[in-house]
Amino acid sequence: MQNKLKKYKIEDIFEKILNNIRITNEEAIKLYNIPDPLILGYLANLKREKLHGKKTTYVLNQHINYTNVCVNQCKFCVFSRKKGENGSFELTLEDIEKKIKDLPLTIKEIHIVGGCHPDFPFSYYVEMLKLIRRLVPQATLKCFTAVEIQHLSKISGLRVDEVLIELKKAGLDMMPGGGAEIFDPEIRNKICPEKISGERWLEIMEIAHSLGIKTNCTMLFGHIESFVHRIDHLDKLRRLQDKTSGFVCFIPLPFLPKKSKIKVKKSVLGIEALKTIAISRLMLDNIPHIKSYWVMLGLKLAQSALYFGADDFDGTVVEEKIGHMAGARSPNVLTKKELIEMIEGCGLIPIERDGMFNILPN
Ligand code: V47
Ligand code: SF4
């Protein structure tokens with residue numbers, strides 16, 4: 001390894017990683033240009049082991065998408081529909097109640113996201129949270145991305161902080177990290193022109209953090225962005241985290257192009273995704289967890305990612321629509337036994353967590 005580090009002139013970066021010194025954007029870009037992915041895996045795994053050893057967390061969770069009707073119509077999105085369009089769906093509170101009532105008592109996280117629906121009133125979201133809080137008091141309610149929060153602010157006439165305070169009162173614990181995509185305005189304008197800007201996404205997360213609401217964060221990569229855009233995105237997350245410490249986990253999302261209107265030259269799945277996960281671990285030295293999201297990565301790549309910097313394997317998921325409508329070939333659900341087997345199969349130690357990443361007793 002020493003020889004390889006020398007060959008690619010990255011002994012200084014290696015030293016920094018060993019001594020917990022932050023790498024710069026320029027150094028991160030230099031890492032992208034290393035052709036040997038195992039070097040990146042080695043460096044990211046050093047960092048992962050420093051933080052978490054061989055511990056790998058998982059959560060018994062359930063995803064619920066309340067609607068795919070969305071006013072935004074992002075160009076990359078295969079999930080969303082216009083109102084009344086073939087394939088559109090809208091869950092009533094009764095539909096949601098039925099889903100939640102069927103859940104086992106062991107459930108520890110409910111992940112709820114949906115499209116920005118033109119007609120649902122603000123009360124629908126508040127009542128949804130109250131209902132779920134009542135039915136599963138033991139579960140973390142991780143609901144609504146920054147994009148949805150901006151939409152709720154618009155339909156309710158409330159400021160973003162006021163929206164979040166109302167949702168928190170109704171039961172919201174945490175926010176998922178979706179909607180970040182890529183912050184660069186030129187790229188964002190091409191893939192999701194109607195969506196809030198990257199700047200606004202970061203502002204809303206900052207407001208959430210200031211109210212004590214922890215959040216996750218994501219990056220959608222492998223479409224029309226360059227390495228420089230990815231590093232710029234990670235840098236912006238790192239800067240906000242320095243200010244707020246509100247991000248719990250970063251989820252790198254490789255773009256699944258099969259059914260999307262955005263056409264890409266080559267799929268990012270495989271080594272390229274692993275390299276990005278590794279560089280994310282090395283850049284985001286202030287975000288505790290990196291999620292290997294098996295839904296988008298596929299099971300085998302998700303296992304490999306656990307040696308490229310990721311320390312969380314997400315969860316049972318049960319009902320995922322965003323990735324599967326886009327052509328993900330991963331299963332819809334994993335059982336607790338399967339999650340444990342997948343992690344142990346990598347020679348790692350499975351640890352159950354709740355939605356906020358608190359470790360649960362065996
Ligand atoms: O924002 C949409 C992405 C995100 C595609 O916070 C796509 O714990 C790949 O954010 N190919 C939603 N990705 C999912 C998400 C998420 C998932 C799991 C856990 C958490 C968490 C967050 O999915 C969207 C977008 O970036 N996405 N379409 C696609 N074709
Ligand atoms: Fe709507 Fe989200 Fe799809 Fe964009 S990515 S169209 S905001 S559901």
Side-chain angles (χ1 to χ4, degrees), residues 57-59 61-83 85 88-89 109-118 140-151 173-183 188 191-196 198 201 205 214-223 225 233 247-264 267-269 273 287 289-298 302 312-317 319-330 353 355-357:
T57 43
Y58 67 92
V59 60
N61 65 351
Q62 160 99 29
H63 283 218
I64 296 177
N65 300 124
Y66 53 91
T67 184
N68 64 346
V69 174
C70 186
V71 293
N72 279 341
Q73 299 295 309
C74 300
K75 296 220 171 13
F76 66 83
C77 180
V78 185
F79 165 75
S80 72
R81 295 286 183 279
K82 293 199 177 104
K83 196 171 158 58
E85 193 183 336
S88 64
F89 66 87
E109 176 190 274
I110 309 283
H111 170 121
I112 299 185
V113 294
C116 297
H117 194 285
T140 304
L141 301 195
K142 182 183 66 173
C143 313
F144 313 131
T145 65
V147 177
E148 289 160 280
I149 297 299
Q150 176 66 56
H151 180 68
D173 291 309
M174 191 179 167
M175 282 165 62
E181 324 311 358
I182 279 280
F183 295 140
R188 205 170 176 87
I191 64 167
C192 49
E194 312 291 338
K195 190 172 253 170
I196 55 169
W201 187 96
M205 286 313 205
K214 296 275 183 191
T215 75
N216 288 339
C217 53
T218 57
M219 173 172 75
L220 181 69
F221 66 97
H223 37 90
E225 86 294 356
H233 186 97
F247 291 129
V248 184
C249 179
F250 171 71
I251 305 121
L253 296 165
F255 178 52
L256 306 176
K258 214 163 95 189
K259 299 190 178 167
S260 175
K261 281 190 209 131
I262 300 281
K263 297 296 163 212
V264 298
S267 162
V268 83
L269 279 182
I287 299 187
H289 300 282
I290 307 278
K291 185 177 294 191
S292 176
Y293 188 44
W294 58 261
V295 170
M296 301 299 189
L297 289 168
D312 181 68
F313 206 65
D314 199 73
T316 41
V317 178
E319 198 189 85
E320 201 282 336
K321 289 201 169 70
I322 298 173
H324 285 94
M325 284 173 81
R329 274 184 272 155
S330 52
R353 64 164 173 91
M356 315 274 273
F357 280 78

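When a ligand or atom number is given, it counts from 1 through the structure's own listing order. Keep in mind it's a predicted model, so treat the numbers as computed, not measured.
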Ring-face cation contact, F357 with K214, 6.0 Å cut, 45° max
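No; the conditions do not both hold, so K214 does not lie above the ring face of F357.
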
Run the numbers on N68 and S80 for side chain to side chain donor-acceptor pair (under 3.5 Å), then give the verdict.
CA-CA 5 Å; N68 64 346; S80 72; over 6 Å; no

[atom] - nearest protein heavy atom and its distance:
{"atom": "atom 19 (C) of ligand 1", "result": "H111 CE1, 3.6 Å"}
{"atom": "atom 7 (S) of ligand 2", "result": "N72 ND2, 3.4 Å"}
{"atom": "atom 12 (C) of ligand 1", "result": "I322 CD1, 4.0 Å"}
{"atom": "atom 21 (C) of ligand 1", "result": "I251 CD1, 3.2 Å"}
{"atom": "atom 8 (O) of ligand 1", "result": "K142 NZ, 2.6 Å"}
{"atom": "atom 7 (C) of ligand 1", "result": "L220 CD1, 3.7 Å"}
{"atom": "atom 26 (O) of ligand 1", "result": "E181 OE1, 2.4 Å"}
{"atom": "atom 3 (C) of ligand 1", "result": "L253 CD1, 3.9 Å"}
{"atom": "atom 30 (N) of ligand 1", "result": "L256 O, 3.1 Å"}

Could you check whether K195 pairs with E181 (Lys NZ or Arg NE/NH1/NH2 to Asp/Glu carboxylate O, under 4.0 Å)?
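Counted as a salt bridge, because a side-chain N and a carboxylate O are separated by less than 4.0 Å.
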
Output yes when K83 and E85 qualify as a salt bridge under the 4.0 Å nitrogen-oxygen rule, no when they do not.
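So K83 does not pair with E85 through a salt bridge.
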
Have a look at ligand 1 and work out which part of [X], if any, has a heavy atom under 4.0 Å from it: side chain, backbone, both or neither.
{"X": "C77", "answer": "neither"}
{"X": "Y293", "answer": "side chain"}
{"X": "P176", "answer": "both"}

Short N/O distance, under 3.5 Å, between [X] and ligand 1?
{"X": "T218", "value": "no"}
{"X": "V78", "value": "no"}
{"X": "N216", "value": "yes"}
{"X": "G177", "value": "yes"}

[X] near ligand 1 by a heavy-atom separation under 4.0 Å:
{"X": "M175", "value": "no"}
{"X": "P254", "value": "yes"}
{"X": "K291", "value": "yes"}
{"X": "K259", "value": "no"}

Are any side-chain N or O atoms of T215 and backbone N or O atoms of M175, one a donor and one an acceptor, separated by less than 3.5 Å?
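Here the side-chain-to-backbone pair does not exist.
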
For E109 and Q62, indicate whether the former's side chain and the latter's backbone hold a donor-acceptor pair under 3.5 Å.
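Not at all, since once roles are kept as given, no pair shorter than 3.5 Å links the two residues.
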
As an exercise, state the distance from CZ of F221 to CD1 of I182, rounded to the nearest 0.5 Å.
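It comes to 9.5 Å.
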
Decide if atom NZ of K75 counts as having more than 12 heavy atoms of other residues, nucleotides or ligands within a radius under 6.0 Å.
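No, the 6.0 Å shell around NZ holds no more than 12 heavy atoms from other groups.
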
Close-contact set for ligand 1 against [X] heavy atoms, below 4.0 Å:
{"X": "A326", "value": "30 (N)"}
{"X": "G178", "value": "1 (O), 10 (O)"}
{"X": "G179", "value": "1 (O)"}

Near [X], which atoms of ligand 2 are under 4.0 Å from a heavy atom of that residue?
{"X": "C74", "value": "4 (Fe), 5 (S), 6 (S), 7 (S)"}
{"X": "C77", "value": "3 (Fe), 5 (S), 6 (S)"}
{"X": "S80", "value": "3 (Fe), 6 (S)"}
{"X": "K195", "value": "4 (Fe), 5 (S), 7 (S)"}

Counting only heavy atoms closer than 4.0 Å, does ligand 2 sit against the backbone of C70, its side chain, both, or neither?
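The part of C70 near ligand 2 is the side chain, not the backbone.
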
Verify side chain to side chain contact (heavy atoms under 4.5 Å, CB included) between H111 and V113, making sure each step is shown before the conclusion.
CA-CA 7 Å; H111 170 121; V113 294; 4.0 Å; yes

Looking at [X] and [Y], what are the two nearest heavy atoms and their distance?
{"X": "T67", "Y": "V69", "value": "OG1-N, 3.0 Å"}
{"X": "A273", "Y": "L297", "value": "CB-CD2, 4.3 Å"}
{"X": "G178", "Y": "T145", "value": "O-CB, 3.5 Å"}

Over 60° means perpendicular and under 30° means parallel, so tell me whether H233 and F183 are parallel, tilted or perpendicular.
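Parallel.
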
In terms of relative ring orientation, are F255 and F76 parallel, tilted or perpendicular, with 30° and 60° separating the classes?
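Perpendicular, since the angle between the ring planes exceeds 60°.
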
Between E194 and N72, does the side chain to side chain donor-acceptor pair (under 3.5 Å) criterion hold? Intermediate values first, please.
CA-CA 5 Å; E194 312 291 338; N72 279 341; over 6 Å; no

Looking only at the side chains, is there a donor atom on one of D173 and T140 sitting less than 3.5 Å from an acceptor on the other?
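There is no such pair (donor and acceptor under 3.5 Å, judged by atom type) between the side chains of D173 and T140.
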
